[in-house]
Amino acid sequence: MRLIRGIHNLTSAHRGCVATIGNFDGVHLGHQRILDQVIREARRLDSLATVMLFEPQPQEFFAPAGAPARLMSLRDKLIALRECGVDQVLCARFNDAFRSLSAEAFVRELLVDGLDVRYLVVGDDFRFGCGRDGDFSYLKEAGSHYGFQVTDTATCEVDGERVSSTRVRAALEQGDFPLARRLLGRPYTISGRVRHGDKIGRTLGVPTVNLALKRPVAPLRGVYAVRVSGAGLEGHPGAANVGTRPSVNGTENRLEVHLLDFQGDLYDDHLTVTFERFIRPEEKFDSLDALKAAMWRDLQQATAFFNQDDGL
(Lines give C-alpha, C1' and ligand atoms only; values in the text may rest on other atoms or scores of the structure.)
Protein backbone atom coordinates (compact mmCIF):
# COMPACT_ATOMS: atom_id res chain seq x y z
CA MET A 1 0.00 0.00 0.00
CA ARG A 2 1.28 3.45 -0.90
CA LEU A 3 1.02 6.42 1.46
CA ILE A 4 0.80 9.84 -0.20
CA ARG A 5 1.75 12.45 2.40
CA GLY A 6 -0.07 15.59 1.31
CA ILE A 7 -1.87 16.62 -1.86
CA HIS A 8 1.32 18.33 -3.12
CA ASN A 9 2.87 14.86 -3.50
CA LEU A 10 0.22 13.56 -5.90
CA THR A 11 1.71 12.36 -9.20
CA SER A 12 0.43 10.71 -12.35
CA ALA A 13 1.14 7.31 -10.74
CA HIS A 14 -1.64 7.96 -8.23
CA ARG A 15 -4.30 8.92 -10.78
CA GLY A 16 -7.17 6.80 -12.04
CA CYS A 17 -8.81 5.43 -8.93
CA VAL A 18 -11.90 4.34 -7.06
CA ALA A 19 -11.96 6.43 -3.90
CA THR A 20 -13.65 7.10 -0.60
CA ILE A 21 -13.18 9.98 1.83
CA GLY A 22 -13.41 10.12 5.61
CA ASN A 23 -11.70 9.87 8.99
CA PHE A 24 -11.95 6.06 9.18
CA ASP A 25 -11.28 6.23 12.91
CA GLY A 26 -11.37 2.65 14.19
CA VAL A 27 -11.81 1.08 10.72
CA HIS A 28 -14.93 -0.56 12.17
CA LEU A 29 -17.44 -2.81 10.39
CA GLY A 30 -19.18 0.15 8.76
CA HIS A 31 -15.87 1.38 7.36
CA GLN A 32 -15.02 -2.13 6.24
CA ARG A 33 -18.26 -2.32 4.26
CA ILE A 34 -17.33 0.91 2.44
CA LEU A 35 -13.81 -0.37 1.78
CA ASP A 36 -15.15 -3.66 0.42
CA GLN A 37 -17.26 -1.70 -2.06
CA VAL A 38 -14.31 0.51 -3.06
CA ILE A 39 -11.99 -2.46 -3.57
CA ARG A 40 -14.60 -4.42 -5.51
CA GLU A 41 -15.18 -1.51 -7.90
CA ALA A 42 -11.45 -0.82 -8.20
CA ARG A 43 -10.83 -4.40 -9.30
CA ARG A 44 -13.70 -4.20 -11.76
CA LEU A 45 -12.35 -0.99 -13.28
CA ASP A 46 -8.69 -2.02 -13.05
CA SER A 47 -8.09 1.03 -10.86
CA LEU A 48 -6.45 1.91 -7.56
CA ALA A 49 -8.53 1.43 -4.40
CA THR A 50 -7.92 4.77 -2.66
CA VAL A 51 -8.75 6.25 0.74
CA MET A 52 -8.48 9.98 1.37
CA LEU A 53 -8.20 10.99 5.00
CA PHE A 54 -7.11 14.04 6.96
CA GLU A 55 -4.49 14.97 9.57
CA PRO A 56 -5.44 16.43 11.91
CA GLN A 57 -9.02 15.23 11.73
CA PRO A 58 -11.32 18.19 10.98
CA GLN A 59 -12.90 18.28 14.44
CA GLU A 60 -9.41 18.39 15.98
CA PHE A 61 -8.61 21.39 13.78
CA PHE A 62 -11.78 23.37 14.43
CA ALA A 63 -12.31 22.54 18.14
CA PRO A 64 -9.27 20.75 19.57
CA ALA A 65 -10.50 20.98 23.17
CA GLY A 66 -13.81 19.33 22.32
CA ALA A 67 -12.72 16.87 19.64
CA PRO A 68 -13.73 13.23 20.21
CA ALA A 69 -11.16 10.75 21.46
CA ARG A 70 -9.26 8.97 18.73
CA LEU A 71 -9.79 5.23 18.55
CA MET A 72 -6.58 4.77 16.52
CA SER A 73 -3.24 6.37 15.93
CA LEU A 74 -2.50 7.21 12.31
CA ARG A 75 0.00 4.34 12.17
CA ASP A 76 -2.55 1.75 13.31
CA LYS A 77 -5.16 3.19 10.94
CA LEU A 78 -2.81 2.81 7.98
CA ILE A 79 -2.02 -0.78 8.99
CA ALA A 80 -5.75 -1.60 9.22
CA LEU A 81 -6.43 -0.03 5.82
CA ARG A 82 -3.59 -2.02 4.27
CA GLU A 83 -4.93 -5.24 5.78
CA CYS A 84 -8.35 -4.48 4.25
CA GLY A 85 -6.74 -4.41 0.79
CA VAL A 86 -6.50 -0.65 0.08
CA ASP A 87 -3.95 0.22 -2.63
CA GLN A 88 -3.15 3.79 -1.63
CA VAL A 89 -3.97 6.37 1.05
CA LEU A 90 -3.87 10.11 0.48
CA CYS A 91 -3.26 11.77 3.85
CA ALA A 92 -4.21 15.41 3.32
CA ARG A 93 -3.00 18.06 5.75
CA PHE A 94 -6.07 19.77 7.18
CA ASN A 95 -5.01 23.39 7.68
CA ASP A 96 -6.26 26.89 6.91
CA ALA A 97 -5.49 26.53 3.20
CA PHE A 98 -7.32 23.22 2.96
CA ARG A 99 -10.36 24.41 4.93
CA SER A 100 -10.62 27.40 2.59
CA LEU A 101 -11.20 25.23 -0.49
CA SER A 102 -14.66 25.68 -1.94
CA ALA A 103 -16.66 22.61 -2.86
CA GLU A 104 -15.94 23.36 -6.51
CA ALA A 105 -12.18 23.63 -5.91
CA PHE A 106 -12.20 20.45 -3.81
CA VAL A 107 -13.78 18.49 -6.64
CA ARG A 108 -11.72 20.00 -9.42
CA GLU A 109 -8.29 20.14 -7.74
CA LEU A 110 -8.40 16.93 -5.68
CA LEU A 111 -10.89 14.53 -7.19
CA VAL A 112 -10.44 15.41 -10.86
CA ASP A 113 -6.98 16.93 -11.42
CA GLY A 114 -5.30 15.29 -8.44
CA LEU A 115 -6.68 11.75 -8.30
CA ASP A 116 -8.65 11.41 -11.55
CA VAL A 117 -11.40 9.64 -9.63
CA ARG A 118 -13.46 7.24 -11.72
CA TYR A 119 -15.82 6.05 -8.99
CA LEU A 120 -16.47 7.64 -5.58
CA VAL A 121 -18.07 5.99 -2.55
CA VAL A 122 -19.18 8.31 0.28
CA GLY A 123 -21.85 8.44 2.93
CA ASP A 124 -25.03 10.29 1.99
CA ASP A 125 -24.37 12.67 4.93
CA PHE A 126 -20.88 13.61 3.70
CA ARG A 127 -20.21 17.38 3.72
CA PHE A 128 -17.15 19.19 2.38
CA GLY A 129 -15.82 22.53 1.16
CA CYS A 130 -15.56 25.92 2.83
CA GLY A 131 -18.80 26.47 4.72
CA ARG A 132 -19.67 22.81 4.15
CA ASP A 133 -21.42 23.83 0.94
CA GLY A 134 -20.75 20.50 -0.76
CA ASP A 135 -22.88 17.43 -0.11
CA PHE A 136 -23.85 14.13 -1.72
CA SER A 137 -26.17 15.81 -4.25
CA TYR A 138 -23.40 18.23 -5.23
CA LEU A 139 -21.01 15.29 -5.79
CA LYS A 140 -23.58 13.50 -7.96
CA GLU A 141 -23.90 16.59 -10.16
CA ALA A 142 -20.13 17.05 -10.29
CA GLY A 143 -19.68 13.41 -11.20
CA SER A 144 -22.08 13.80 -14.11
CA HIS A 145 -20.13 16.85 -15.28
CA TYR A 146 -16.62 15.41 -14.93
CA GLY A 147 -17.38 11.81 -15.79
CA PHE A 148 -17.12 9.86 -12.53
CA GLN A 149 -19.78 7.85 -10.74
CA VAL A 150 -20.85 8.66 -7.18
CA THR A 151 -22.60 6.23 -4.87
CA ASP A 152 -23.25 5.72 -1.18
CA THR A 153 -23.21 2.48 0.80
CA ALA A 154 -25.82 0.66 2.84
CA THR A 155 -25.88 1.34 6.58
CA CYS A 156 -24.10 -1.32 8.64
CA GLU A 157 -25.95 -2.32 11.82
CA VAL A 158 -25.11 -4.42 14.86
CA ASP A 159 -27.90 -5.30 17.33
CA GLY A 160 -30.28 -3.12 15.30
CA GLU A 161 -28.21 0.07 15.61
CA ARG A 162 -25.87 1.80 13.17
CA VAL A 163 -22.17 1.05 13.59
CA SER A 164 -20.17 4.25 14.07
CA SER A 165 -16.97 5.50 15.68
CA THR A 166 -19.14 7.32 18.23
CA ARG A 167 -20.81 4.06 19.23
CA VAL A 168 -17.43 2.33 19.58
CA ARG A 169 -16.21 5.15 21.84
CA ALA A 170 -19.33 4.81 23.99
CA ALA A 171 -18.80 1.06 24.35
CA LEU A 172 -15.19 1.60 25.42
CA GLU A 173 -16.18 4.32 27.89
CA GLN A 174 -18.64 1.89 29.46
CA GLY A 175 -16.03 -0.88 29.58
CA ASP A 176 -18.15 -2.99 27.21
CA PHE A 177 -15.29 -4.64 25.34
CA PRO A 178 -17.43 -7.47 23.90
CA LEU A 179 -19.65 -4.87 22.19
CA ALA A 180 -16.61 -2.94 20.98
CA ARG A 181 -15.26 -6.18 19.51
CA ARG A 182 -18.53 -6.79 17.63
CA LEU A 183 -18.55 -3.24 16.25
CA LEU A 184 -14.91 -3.33 15.19
CA GLY A 185 -14.84 -6.91 13.98
CA ARG A 186 -11.77 -7.47 16.17
CA PRO A 187 -10.67 -6.77 19.77
CA TYR A 188 -9.89 -3.18 20.72
CA THR A 189 -6.14 -2.55 20.86
CA ILE A 190 -3.66 0.27 21.31
CA SER A 191 -0.16 -0.14 19.86
CA GLY A 192 3.03 1.77 20.45
CA ARG A 193 6.76 1.68 20.92
CA VAL A 194 8.10 1.19 24.44
CA ARG A 195 9.90 4.27 25.69
CA HIS A 196 11.57 5.31 28.92
CA GLY A 197 9.22 6.66 31.58
CA ASP A 198 9.68 7.98 35.10
CA LYS A 199 10.35 4.48 36.48
CA ILE A 200 8.08 5.17 39.46
CA GLY A 201 6.43 1.76 39.08
CA ARG A 202 9.82 0.09 39.45
CA THR A 203 10.45 1.88 42.77
CA LEU A 204 7.05 0.61 43.98
CA GLY A 205 7.87 -2.98 42.97
CA VAL A 206 5.50 -2.89 39.98
CA PRO A 207 7.65 -2.16 36.90
CA THR A 208 5.74 -1.03 33.82
CA VAL A 209 6.35 -0.50 30.13
CA ASN A 210 5.44 2.97 28.89
CA LEU A 211 3.82 3.45 25.47
CA ALA A 212 3.16 6.78 23.78
CA LEU A 213 -0.53 7.11 22.90
CA LYS A 214 0.09 9.21 19.75
CA ARG A 215 -3.31 10.93 19.90
CA PRO A 216 -4.66 14.13 21.50
CA VAL A 217 -7.32 12.30 23.53
CA ALA A 218 -7.54 8.57 24.34
CA PRO A 219 -10.92 6.76 24.41
CA LEU A 220 -10.05 4.95 27.64
CA ARG A 221 -9.17 6.14 31.13
CA GLY A 222 -8.54 3.92 34.11
CA VAL A 223 -7.07 0.52 34.96
CA TYR A 224 -7.67 -2.54 32.79
CA ALA A 225 -6.81 -6.22 32.44
CA VAL A 226 -4.97 -6.52 29.12
CA ARG A 227 -3.05 -8.92 26.92
CA VAL A 228 0.20 -7.85 25.28
CA SER A 229 1.70 -9.05 22.00
CA GLY A 230 4.92 -8.19 20.19
CA ALA A 231 8.64 -8.62 20.84
CA GLY A 232 8.14 -12.38 21.12
CA LEU A 233 5.07 -12.11 23.35
CA GLU A 234 1.69 -13.43 22.27
CA GLY A 235 -1.31 -12.49 24.40
CA HIS A 236 0.76 -12.13 27.58
CA PRO A 237 -1.50 -11.09 30.51
CA GLY A 238 -1.01 -7.77 32.25
CA ALA A 239 -2.62 -4.79 33.93
CA ALA A 240 -2.63 -1.36 32.27
CA ASN A 241 -3.27 2.20 33.37
CA VAL A 242 -4.43 4.79 30.86
CA GLY A 243 -4.37 8.36 32.12
CA THR A 244 -2.29 11.20 33.48
CA ARG A 245 -1.20 9.54 36.77
CA PRO A 246 -2.55 12.23 39.14
CA SER A 247 -1.03 10.55 42.20
CA VAL A 248 2.45 11.56 40.98
CA ASN A 249 1.30 14.92 39.56
CA GLY A 250 1.46 13.69 36.00
CA THR A 251 0.10 15.76 33.13
CA GLU A 252 0.82 13.70 30.00
CA ASN A 253 -1.72 11.09 28.96
CA ARG A 254 0.06 7.70 28.96
CA LEU A 255 -0.46 3.98 28.61
CA GLU A 256 1.55 2.03 31.19
CA VAL A 257 1.43 -1.76 31.39
CA HIS A 258 2.70 -4.20 34.00
CA LEU A 259 3.19 -7.66 32.51
CA LEU A 260 2.33 -10.42 34.95
CA ASP A 261 5.15 -12.88 35.71
CA PHE A 262 7.53 -11.30 33.21
CA GLN A 263 11.11 -10.15 33.34
CA GLY A 264 12.93 -8.64 30.41
CA ASP A 265 13.92 -5.50 28.54
CA LEU A 266 11.32 -4.28 26.05
CA TYR A 267 12.64 -0.76 25.41
CA ASP A 268 12.19 0.36 21.77
CA ASP A 269 10.08 -2.73 20.97
CA HIS A 270 6.66 -2.24 19.40
CA LEU A 271 3.82 -3.78 21.43
CA THR A 272 0.09 -4.22 20.89
CA VAL A 273 -2.12 -4.02 23.99
CA THR A 274 -5.53 -5.73 23.82
CA PHE A 275 -8.06 -4.50 26.39
CA GLU A 276 -10.07 -7.25 28.06
CA ARG A 277 -11.70 -6.01 31.28
CA PHE A 278 -12.22 -2.69 33.09
CA ILE A 279 -10.92 -2.83 36.68
CA ARG A 280 -11.37 0.68 38.11
CA PRO A 281 -11.25 4.39 37.24
CA GLU A 282 -8.01 6.31 37.57
CA GLU A 283 -7.74 7.82 41.05
CA LYS A 284 -5.50 10.25 42.90
CA PHE A 285 -4.04 8.72 46.05
CA ASP A 286 -2.70 10.71 49.01
CA SER A 287 0.61 8.84 49.24
CA LEU A 288 2.87 6.50 47.30
CA ASP A 289 2.07 3.78 49.86
CA ALA A 290 -1.64 4.10 49.07
CA LEU A 291 -0.84 4.07 45.34
CA LYS A 292 1.31 0.95 45.76
CA ALA A 293 -1.46 -0.85 47.68
CA ALA A 294 -3.96 0.01 44.94
CA MET A 295 -1.59 -1.21 42.23
CA TRP A 296 -1.18 -4.56 43.97
CA ARG A 297 -4.96 -4.88 44.26
CA ASP A 298 -5.20 -4.15 40.54
CA LEU A 299 -2.71 -6.93 39.80
CA GLN A 300 -4.66 -9.36 41.96
CA GLN A 301 -7.88 -8.55 40.09
CA ALA A 302 -6.16 -8.89 36.72
CA THR A 303 -4.64 -12.21 37.75
CA ALA A 304 -8.02 -13.50 38.96
CA PHE A 305 -9.62 -12.45 35.68
CA PHE A 306 -7.04 -14.25 33.56
CA ASN A 307 -7.14 -17.37 35.74
CA GLN A 308 -10.92 -17.48 35.30
CA ASP A 309 -10.62 -16.65 31.58
CA ASP A 310 -8.13 -19.47 31.07
CA GLY A 311 -10.37 -21.89 32.92
CA LEU A 312 -7.94 -22.41 35.79
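All values reported here derive from a predicted model rather than from experimental measurement. These numbers come from the heavy atoms of this one structure, side chains and all, not from hydrogens, waters or symmetry mates.
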Open item on the list: Quick test of your reading: applying side chain to side chain donor-acceptor pair (under 3.5 Å), list the pairs with at least one residue in residues 131-145, sequence neighbours left out, ordered by first then second residue.
Closed with: none
Open item on the list: Restricting to ring-ring contact (aromatic ring centres under 6.0 Å, His included), what partner residues turn up for F148, sequence neighbours left out?
Closed with: none
Open item on the list: Run E41 and V121 through side-chain contact (heavy atoms from CB on, under 4.5 Å) and show every step you take.
Closed with: CA-CA 10 Å; E41 291 300 326; V121 182; 5.5 Å; no
Open item on the list: Would you compute the distance between atom NZ of K292 and atom CE of M295 and round it to the nearest 0.5 angstrom?
Closed with: 9.5 Å
TODO: Give a yes or no on whether a salt bridge exists between E282 and R221, defined as a side-chain N under 4.0 angstrom from a carboxylate O.
DONE: yes
TODO: Find out whether R195 and L211 are in side-chain contact, i.e. whether some heavy atom of one side chain is under 4.5 Å from a heavy atom of the other.
DONE: no
TODO: Take T272 and V228 through the side-chain contact (heavy atoms from CB on, under 4.5 Å) test and state the conclusion after the steps.
DONE: CA-CA 6 Å; T272 297; V228 179; over 6 Å; no
Open item on the list: R297 vs E283, test: salt bridge (charged side-chain N to carboxylate O under 4.0 Å, His left out). Steps then yes/no.
Closed with: CA-CA 13 Å; R297 289 194 297 270; E283 302 176 50; over 6 Å; no
Task: Cluster check L271, L71: I/L/V/M/F/W/Y, side chain < 4.5 angstrom - done: yes
Open item on the list: Tell me if a side-chain donor or acceptor on S165 pairs with a main-chain N or O of D25 at a distance below 3.5 Å.
Closed with: yes
Open item on the list: Once ring-ring contact (aromatic ring centres under 6.0 Å, His included) is applied, what residue pairs with a partner in residues 61-84 remain, sequence neighbours excluded?
Closed with: F61-F94, F62-F94
Task: Derivation of the side chain to side chain donor-acceptor pair (under 3.5 Å) call for T153 and R33 - done: CA-CA 8 Å; T153 188; R33 178 171 290 183; 5.5 Å; no
Task: Donor-acceptor under 3.5 Å (R93 side chain, I7 main chain) - done: no
Open item on the list: Holding to side chain to side chain contact (heavy atoms under 4.5 Å, CB included), I want the full list of residues that pass it with A49, two or more places apart in sequence or in another chain.
Closed with: V38, I39, A42, R43, D87
- [ ] Please list, chain by chain and in numerical order, all residues satisfying ring-ring contact (aromatic ring centres under 6.0 Å, His included) with F126, sequence neighbours excluded.
- [x] F128
Task: side-chain contact (heavy atoms from CB on, under 4.5 Å) evaluation trace for L255 with N210 - done: CA-CA 6 Å; L255 167 58; N210 184 306; over 6 Å; no
- [ ] Mark yes or no for whether T303, through its side chain, and Q301, through its backbone, hold a donor-acceptor pair below 3.5 Å.
- [x] no
Task: Stepwise salt bridge (charged side-chain N to carboxylate O under 4.0 Å, His left out) test for D298 and R280 - done: CA-CA 8 Å; D298 297 338; R280 65 169 174 85; 2.8 Å; yes
TODO: Using the test ring-ring contact (aromatic ring centres under 6.0 Å, His included), find all partners of F262 that sit at least two apart in sequence or belong to another chain.
DONE: H236
- [ ] Treating Ile, Leu, Val, Met, Phe, Trp and Tyr as nodes and any side-chain heavy-atom pair under 4.5 angstrom as an edge, say whether M52 and V18 lie in one connected cluster.
- [x] no
Do any side-chain atoms of residues 99-110 form donor-acceptor pairs under 3.5 angstrom with protein atoms, and if so which ones, sequence neighbours left out?
unit_1	atom_1	unit_2	atom_2	d
S100	OG	D96	O	2.7
S102	OG	A105	N	3.0

Open item on the list: Whether the side chain of K77 engages the backbone of N23 through a donor-acceptor N/O pair (distance < 3.5 Å, no angle test) should be reported.
Closed with: yes
- [ ] Determine yes or no for a side-chain-to-main-chain donor-acceptor pair under 3.5 angstrom, with E60 supplying the side chain and Q57 the backbone.
- [x] yes
Task: Side-chain (R75) to main-chain (S73) donor-acceptor, under 3.5 angstrom - done: no
Open item on the list: Donor-acceptor pair, distance only, cut-off 3.5 Å: does the side chain of N241 make one with the backbone of E256?
Closed with: no
Open item on the list: Going by side chain to side chain contact (heavy atoms under 4.5 Å, CB included), name the residues that satisfy it together with V217, two or more places apart in sequence or in a different chain.
Closed with: A69
Task: Donor-acceptor contact below 3.5 Å, side chain R227 vs main chain G235 - done: yes
Open item on the list: Would you say F54 ends up clustered with I79 if hydrophobic residues are merged whenever their side chains have heavy atoms under 4.5 Å apart, either directly or through other cluster members?
Closed with: no
Task: Listed partners of F24 passing ring-ring contact (aromatic ring centres under 6.0 Å, His included), at least two apart - done: H31
- [ ] Compare every heavy atom of F278 with every heavy atom of G175, then report the nearest pair and how far apart it is.
- [x] CA-CB, 4.3 Å
- [ ] State whether R167 and E173 are salt-bridged, where the test is any N-O pair (Lys NZ or Arg NE/NH1/NH2 against Asp/Glu carboxylate O) under 4.0 Å.
- [x] no
Task: Minimum side-chain heavy-atom gap L74-K214 below 4.5 Å - done: no
Task: Set of residues satisfying side chain to side chain donor-acceptor pair (under 3.5 Å) with respect to D265, sequence neighbours excluded - done: none
Task: Gap separating the CD1 atom of I190 from the CG atom of L220, nearest 0.5 angstrom - done: 5.5 Å
- [ ] For the pair R127 (side chain) and G134 (backbone), establish whether a donor and an acceptor sit closer than 3.5 Å, ignoring hydrogens and angles.
- [x] yes
- [ ] Answer yes or no: is there a side-chain heavy-atom contact under 4.5 Å between I21 and L120?
- [x] yes
TODO: Answer yes if L90 and L3 sit in the same cluster of Ile, Leu, Val, Met, Phe, Trp and Tyr residues linked by side chain heavy atoms under 4.5 Å apart, and no otherwise.
DONE: no
Task: I279: hydrophobic cluster co-members (side-chain, 4.5 Å) - done: V223
Task: Validation row: T50, V86 side chains within 4.5 angstrom (heavy atoms) - done: no
TODO: Decide whether V51 and L10 are clustered together by the hydrophobic rule: side chain heavy atoms of Ile, Leu, Val, Met, Phe, Trp, Tyr closer than 4.5 Å, transitively.
DONE: no
Task: Between S47 and R118, a side-chain donor and acceptor under 3.5 Å - done: yes
Task: Closest non-hydrogen atom pair, L48 against R15 - done: CD1-O, 4.3 Å
Open item on the list: With a 4.5 Å cut-off on side-chain heavy atoms, are D159 and L179 touching?
Closed with: yes
Open item on the list: The test is side-chain contact (heavy atoms from CB on, under 4.5 Å); show your working for D116 and L111 and say whether it passes.
Closed with: CA-CA 6 Å; D116 184 22; L111 302 186; over 6 Å; no
TODO: Find out whether L172 and F177 are in side-chain contact, i.e. whether some heavy atom of one side chain is under 4.5 Å from a heavy atom of the other.
DONE: yes
Task: Close side-chain approach of Y188 to P219, heavy-atom, < 4.5 Å - done: yes
Task: With T11 via side chain to side chain contact (heavy atoms under 4.5 Å, CB included) - residues at least two apart - done: A13, H14
Open item on the list: Quick check: do T274 and V226 have side-chain heavy atoms less than 4.5 Å from each other?
Closed with: no
Open item on the list: Using a 3.5 Å distance criterion without hydrogens, assess whether the side chain of N9 forms a donor-acceptor pair with backbone atoms of R5.
Closed with: yes
